[in-house]
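A short write-up of the structure that comes next.
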Amino acid sequence: MKAQTEQRTGLLYGFGAYGMWGLVPLFWPLLKPSGAIEILAHRMVWSLAVVGVALLAMRRWGWIRELLRQPRKLALTTLAASVISVNWGLYIWAVNNGAVVEASLGYFINPLVTIAIGVLVLGERLRRAQWAAVGIGVAAVLVLAIGYGRPPWISLVLAFSFAAYGLIKKKLNMGGVESLAAETALLFLPALGYLLWLGAQGRSTFALDDPGHSWLLAATGLVTAIPLICFGAAAIRVPLSTLGLLQYLAPVFQFGLGVVYFHEAMPPERWAGFSLVWVALALLTWDALRTARRSRARLAEAGAATATAAAATAASEAAGAPVAAEAAGGAEVAGAVHGAPEPPPTVATPAREPA
């Protein structure tokens, strides 16, 4: 009962995290006339404040000393911060420049790009269904390039930057809150310096007469941190396969907002390209669920076989004592009947109790 309650809570956290990430395109236009780089700089500065409060509440500071003692890990964290800044900056720019649909495509094809990076960088081997999904994804990009009259560069940069970020995070192996704190801390001074420079040039929008605008810019820290905290709470409560399915919520919401709310054009060739992407993702999801089901079945069979073998061993050892004693008695009787000398007495090994 407790496990079911935990899983239900995890699902709610997961829906909350990916739902907020999917609805964030509604937030960025509220920050106009701020530009994408200014918004990104505010996100870096205010995120550190929010995450600092979270770490203070959790009293988790030991990782800082460990990180500073490992130059390679610190360098990877710096690289991760740079890559995710490119991802966030381009995403904000795309939303505020009428490219929400193309931005959503980047997160749709991200799983396919992640698989491709796994093959090219980590030397992973793909199953047939995964190869087919990647091939369909490439065809989708080609169709969309024809439809746009250019490569969908926003989608490709978002997909590759986020996949590269995931690869770096995999090598770092840090907690979500700690990782975000380290990345924002590394970017805090450059971001703050840029904001101060904007203010000195008279180009900052933070000091406008409208105090609501300043509060919205400060809220970028919460917009970044809250979904990540919800994601962390979901990750420890629900299976990874479930999280993998939930991740599609964000681009689905973004795509829906782009078409329905922002009224972006969707000509037939663009529908065709997106349809191919969705077919590839459906194939990928089916393969992942089938593989997970087979793995669970094999583990269950292995567990049952181990239990059966252990029971059989215990039973045979338990039966070994009377059999040995009976054999010794039979030898004594045979010796008496045939006049043979009596064999030495047999000592029966006591049966082991089942574990």
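Below, all heavy atoms of this structure are taken into account, side chains as well, without hydrogens, waters or symmetry copies.
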### Query
Could you state the interatomic distance from CH2 (W93) to CD1 (I37), rounded to the nearest 0.5 Å?
11.5 Å

### Message
Within the structure provided, determine whether W153 and L90 are in side-chain contact (heavy-atom separation under 4.5 Å).
### Response
yes

### Query
Is there a donor-acceptor contact under 3.5 Å from the side chain of Q254 to the main chain of W21?
yes

### Task
Kindly give the heavy-atom pair with the smallest separation between S161 and V83, and that separation in Å.
O-CG1, 3.1 Å

### Cluster overlap L283 with F108, hydrophobic side-chain contacts below 4.5 Å
no

### Query
Can you tell me how far the CZ atom of R59 sits from the CG atom of L56, to the nearest 0.5 Å?
8.5 Å

### Pair I154-Y148, side-chain contact (heavy atoms from CB on, under 4.5 Å): steps then yes or no
CA-CA 12 Å; I154 294 175; Y148 280 106; over 6 Å; no

### Query
Do side-chain atoms of E183 reach the backbone of A80 as a donor and acceptor pair under 3.5 angstrom?
no

### Task
Give a yes or no on this: more than 12 heavy atoms of other residues, nucleotides or ligands lie within 6.0 Å of atom CH2 of W46.
no

### pair V141-P152: side-chain heavy atoms closer than 4.5 Å
yes

### Query
Is any side-chain heavy atom of T224 less than 4.5 Å from a side-chain heavy atom of V50?
no

### Task
For the residue pair D287 and Q130, establish whether any side-chain heavy-atom pair is separated by less than 4.5 Å.
yes

### Task
Mark yes when over 12 heavy atoms from residues, nucleotides or ligands other than W131 sit less than 6.0 Å from its CH2; otherwise mark no.
no

### Query
What pair of heavy atoms forms the shortest contact from I136 to L276, and how long is it?
CG2-O, 3.2 Å

### Task
Count the heavy atoms belonging to other residues, nucleotides or ligands that lie under 6.0 Å from NZ of K32, then report whether that count exceeds 12.
yes

### Message
Is there a side-chain contact between L216 and F27 in this structure, where contact means two heavy atoms from C-beta onward sitting under 4.5 Å apart?
### Response
yes

### Query
Taking the side chain from T184 and the backbone from M44, do they hold a donor-acceptor pair closer than 3.5 Å?
no

### Over all atoms of both residues, closest heavy-atom pair of L105 and L144
CD2-CD1, 3.2 Å

### Query
Looking at E178 and K73, does any basic side-chain N land under 4.0 Å from a carboxylate oxygen?
no

### Message
Tell me if the CZ atom of R150 is crowded by more than 12 foreign heavy atoms within 6.0 Å.
### Response
yes

### Query
So with a 6.0 Å cut-off around OH of Y165, is the heavy-atom count from everything else above 12?
yes

### Message
Testing the basics here: between E264 and V101, what is the closest heavy-atom pair and its distance to 0.1 Å?
### Response
OE1-N, 3.1 Å

### Query
Is the distance between the ring centroids of F274 and W271 less than 6.0 Å?
no

### Query
So if you build clusters from Ile, Leu, Val, Met, Phe, Trp, Tyr with side-chain heavy-atom gaps below 4.5 Å, do V277 and L156 land together?
yes

### Query
Is any side-chain heavy atom of V113 less than 4.5 Å from a side-chain heavy atom of F162?
no

### Evaluation steps, side-chain contact (heavy atoms from CB on, under 4.5 Å), between F231 and M20
CA-CA 10 Å; F231 174 79; M20 283 184 278; over 6 Å; no

### Query
Do V95 and V24 sit in the same hydrophobic cluster, where Ile, Leu, Val, Met, Phe, Trp and Tyr count as joined when their side-chain heavy atoms come under 4.5 Å apart?
yes

### Query
Got a donor-acceptor contact below 3.5 angstrom from the R270 side chain to the A265 backbone?
yes

### Message
Counting C-beta onward and ignoring hydrogens, is there a side-chain heavy-atom pair between I109 and F160 closer than 4.5 Å?
### Response
no

### Query
To the nearest 0.5 Å, how far apart are CG in N96 and CH2 in W28?
9.0 Å

### Task
Indicate the atoms forming the closest heavy-atom contact of G10 with A234, along with that distance.
O-CB, 3.4 Å

## Note on the structure
When Y91, Y248, F253 are each screened for ring-ring contact (aromatic ring centres under 6.0 Å, His included) with Y107, the one that passes is Y91

### Message
On a heavy-atom basis, which atom in E38 and which in S204 lie closest, and how many Å separate them?
### Response
OE2-OG, 3.7 Å

### Query
Linking I/L/V/M/F/W/Y whenever their side-chain heavy atoms sit closer than 4.5 Å, directly or via other members, would L40 and V157 fall into one cluster?
yes

### F206 side chain reached by S34 side chain, heavy atoms, under 4.5 Å
no

### Query
Measuring from L30:CG to T220:OG1, what's the distance to the nearest 0.5 Å?
12.5 Å

### Task
Measure the spacing between CZ of R43 and CG of L187 and express it to the nearest 0.5 Å.
8.5 Å

#### Entry: Pairwise distance CZ(F262) to CG(L26) - rounded to 0.5 angstrom
5.5 Å

### Task
Determine whether L172 and L68 fall in the same hydrophobic cluster, where Ile, Leu, Val, Met, Phe, Trp and Tyr are linked whenever their side-chain heavy atoms lie under 4.5 Å apart.
yes

